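Since the structure is predicted, the reported quantities are computational estimates derived from the model, not experimental observations.
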Amino acid sequence: MFDKSTWIKLPRNVVVGHGVIEELGQAVAELHLHGDPLVVTSPTPNELAGDRLRAQLDDPTTVTIESASFDSIERVTEIARDIDAGYLIALGGGKPIDIAKMAADEIDRGFVSVPTAASHDGIVSGRSSIPEGDSRHSIAADPPLAVVADTEVIARAPWELTTAGCADIISNYTAVQDWRLAHRLKNVEYSEYAAALSEMTAEMLVDNAASIRPNLEESAWIVVKALVSSGVAMSIAGSSRPASGAEHLFSHQLDRIAPNKALHGHQVGVGSILTEYLHSGDGGRWRAIRQALDSIDAPTTADELGVSDDEVLEALTTAHEIRDRYTILGNGVDLDAAVETATVTGVIDRE
Ligand SMILES: NC(=O)C1=CN([C@@H]2O[C@H](COP(=O)(O)OP(=O)(O)OC[C@H]3O[C@@H](n4cnc5c(N)ncnc54)[C@H](OP(=O)(O)O)[C@@H]3O)[C@@H](O)[C@H]2O)C=CC1
Ligand SMILES: O=C(CO)COP(=O)(O)O
Ligand SMILES: [Zn+2]
């Protein structure tokens, strides 16, 4: 008997382009939501685009959060309950978007994502990443009901946020390899559609790498479209597998060992160079990944990440411990192998 079933949750309206923040009201109206919105934002995005966003709505309550934390989720949830919010609107980078995503989930309401930076694929996905102490929780939630990504606003965000978003996409190459490996060796559920979409997204971004330059609105356009596509791949898979493999474990571990040194996307990019080498050795695509990262000004070395060689080695040799997700790291990479991997790929310099 055929007894498989799947449930794919996707954003209904995705609006990307110049000045589309002015179309937020229409994008929301088409969702037929009831009740008043609660706008969740952080200081800089609120200053840059808060008034334009609020002008689209009927005098909404705004809550500004300073940090991504469980306390912030609680505060936003409480305010949303107090005003009996019908839905939430997140305006900003990953921080307010993750908080709104979690709070909306908590009160069983939808949320709309209005990213002001293209810093990683969490801005369009159904996953949140919330730091707590020296660890980080990756939590499943519903994806946004709509995404309204104004490329005019995003193009003005600090360039390193955009290059981090690009690197998060480039890392899909190794994430998919890890997923296939886990499927073959551990019978992990796998979707060929999600894997193909994720790989194609990385490929298109690399093919367009030459057009990704600072202060170019077209760059914001390319990166946002790629992030949306990667988010859709995760929705089809029903997990972050298409976009998160061993390179993400390496990054999550770096977050613990060397907190707040580098952006998520930059860390996973360097992780991808390392794990591609582990997958395929010297003949693999690690040079192509490094070249792609380099061409968009993303870090390719420990030094450029602002971490030490030892921190890279510790992250690489312990990354397998932090999550029950089978990858090329298997039961752990020996220190000797880690030194060779990081030295050959030029991530560390042990001359
Ligand atoms: N859900 C997921 O899958 C993932 C979630 N994350 C989470 O996302 C967060 C990191 O994302 P990130 O986007 O870097 O975080 P932030 O939301 O903190 O944004 C980064 C910085 O850029 C500022 N900023 C945002 N937009 C603009 C703009 N247009 N112009 C100028 N400055 C701007 C913010 O200002 P201000 O300080 O005023 O907010 C902040 O200082 C972390 O909380 C991390 O845990 C990370 C990876 C994956
Ligand atoms: O960052 C992500 C995908 O790019 C989400 O991955 P995690 O599930 O590892 O948090
Ligand atoms: Zn990521």
Do NZ/NE/NH1/NH2 and the carboxylate oxygens of [X] and [Y] come within less than 4.0 Å?
{"X": "Arg109", "Y": "Asp142", "answer": "no"}
{"X": "Arg256", "Y": "Glu321", "answer": "no"}
{"X": "Asp294", "Y": "Arg287", "answer": "no"}

Next item on the list: Could you tell me whether the side chain of Asp168 reaches within less than 4.5 Å of the side chain of His248, counting heavy atoms only?
Entry: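 A side-chain contact exists here, since the closest heavy-atom pair is under 4.5 Å.
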Check: Does NZ or CZ of Arg285 come closer than 6.0 Å to the centre of the six-membered ring of Tyr173, within 45° of the ring's axis?
Finding: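 Ring-cation test returns yes.
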Note to self: Please determine whether the number of non-hydrogen atoms from other residues, nucleotides or ligands lying under 6.0 Å from atom CG of Asn215 exceeds 12.
What the structure shows: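 Open.
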Next item on the list: Give a yes or no on this: more than 12 heavy atoms of other residues, nucleotides or ligands lie within 6.0 Å of atom CD of Glu152.
Entry: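 Yes - once you tally the heavy atoms of other residues, nucleotides and ligands closer than 6.0 Å, there are more than 12.
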Check: Can you check side chain to side chain donor-acceptor pair (under 3.5 Å) on Thr201 and Ser230, steps first, answer last?
Finding: CA-CA 7 Å; Thr201 304; Ser230 193; 6.0 Å; no
Next item on the list: Under the ring pair (Phe, Tyr, Trp, His ring centres under 6.0 Å) rule, collect the residues that match up with Phe70, sequence neighbours excluded.
Entry: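 Partners of Phe70 under the ring pair (Phe, Tyr, Trp, His ring centres under 6.0 Å) test: His137.
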Note to self: Test: salt bridge (Lys or Arg N to Asp or Glu O under 4.0 Å). Region: residues 324-343. Which pairs qualify, not counting sequence neighbours?
What the structure shows: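 Checked against salt bridge (Lys or Arg N to Asp or Glu O under 4.0 Å) - neighbours excluded - no pair reaches residues 324-343.
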Margin query: Between Gln26 and Asn13, is the side chain to side chain donor-acceptor pair (under 3.5 Å) condition met? List the steps.
Written below: CA-CA 10 Å; Gln26 193 188 340; Asn13 290 332; over 6 Å; no
Checklist line | NZ-OG distance between Lys261 and Ser308, expressed to the nearest 0.5 angstrom | finding: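 Reported value, rounded in 0.5 Å steps: 7.0 Å.
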